[in-house]
Amino acid sequence: MKYVVIVKPKKGILDPQGKAIKKVSENYTGKKIEDIRVGKYFEITLNEPDDELIETVAKNILSNEVIEDYEVIKK
């Protein structure tokens with residue numbers, strides 16, 4: 001069983017890396033981009049499905065719940 005965990009900064013949290021990429025992208029393309037947010041992407045493979053384990057890892061290890069949101073996707 002494969003899981004994907006996506007971690008993104010919460011709305012309202014500054015994302016300086018995303019802002020830098022947005023600025024470079026606009027300078028490179030000459031086109032306005034409304035927003036770019038930078039996050040983290042994790043692929044986790046288990047022999048047996050274990051949603052509770054993945055939820056625990058995503059919440060307590062892969063993300064910082066104070067400043068980040070996460071999403072778990074089963075593949």
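If you read the sequence from its start, that first residue is 1, and numbering goes on from there.
Judged by distance alone, with hydrogens and angles left aside, the side-chain atoms of Ser63 form a donor-acceptor pair with the main-chain N or O of Ala58 at under 3.5 Å.
In this structure, the side chains of Ile73 and Glu71 come closer than 4.5 Å at one or more pairs of heavy atoms. By the 4.5 Å heavy-atom criterion applied to side chains, Glu68 and Lys40 are counted as neighbours. Between Arg37 and Lys11 the shortest side-chain heavy-atom distance does not fall below 4.5 Å.
Atom CD of Glu26 and atom NZ of Lys23 lie 10.0 Å apart (nearest 0.5 Å). The structure places CD of Glu55 at 11.0 Å from CG of Asp50, a figure rounded to the nearest 0.5 Å.
Annotation for Lys22 and Ile33: closest pair CE-O, 2.8 Å, computed over non-hydrogen atoms. Contact between Asp15 and Pro9 at its shortest, heavy atoms only, is OD2-CG, 4.0 Å.
Under the 4.5 angstrom side-chain criterion for Ile, Leu, Val, Met, Phe, Trp and Tyr, the cluster partners of Tyr3 are Met1, Val5, Val7, Phe42, Ile44, Leu46, Leu53, Ile54, Val57, Ile61, Leu62, Tyr70, Val72. Cluster note: Ile67 groups with Ile13, Val66 through ILVMFWY side-chain heavy atoms spaced under 4.5 Å, whether in direct contact or through intervening members.
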Quiz item: Could you go step by step and tell me if Asp51 and Lys74 meet the side chain to side chain contact (heavy atoms under 4.5 Å, CB included) rule?
Solution: CA-CA 9 Å; Asp51 296 356; Lys74 279 179 161 179; 2.8 Å; yes
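No more than 12 heavy atoms of other residues, nucleotides or ligands lie within 6.0 Å of NZ in Lys8, so this atom counts as exposed by the packing criterion. For Lys10, the NZ atom sits in a packed shell: over 12 heavy atoms of surrounding residues, nucleotides or ligands are nearer than 6.0 Å.
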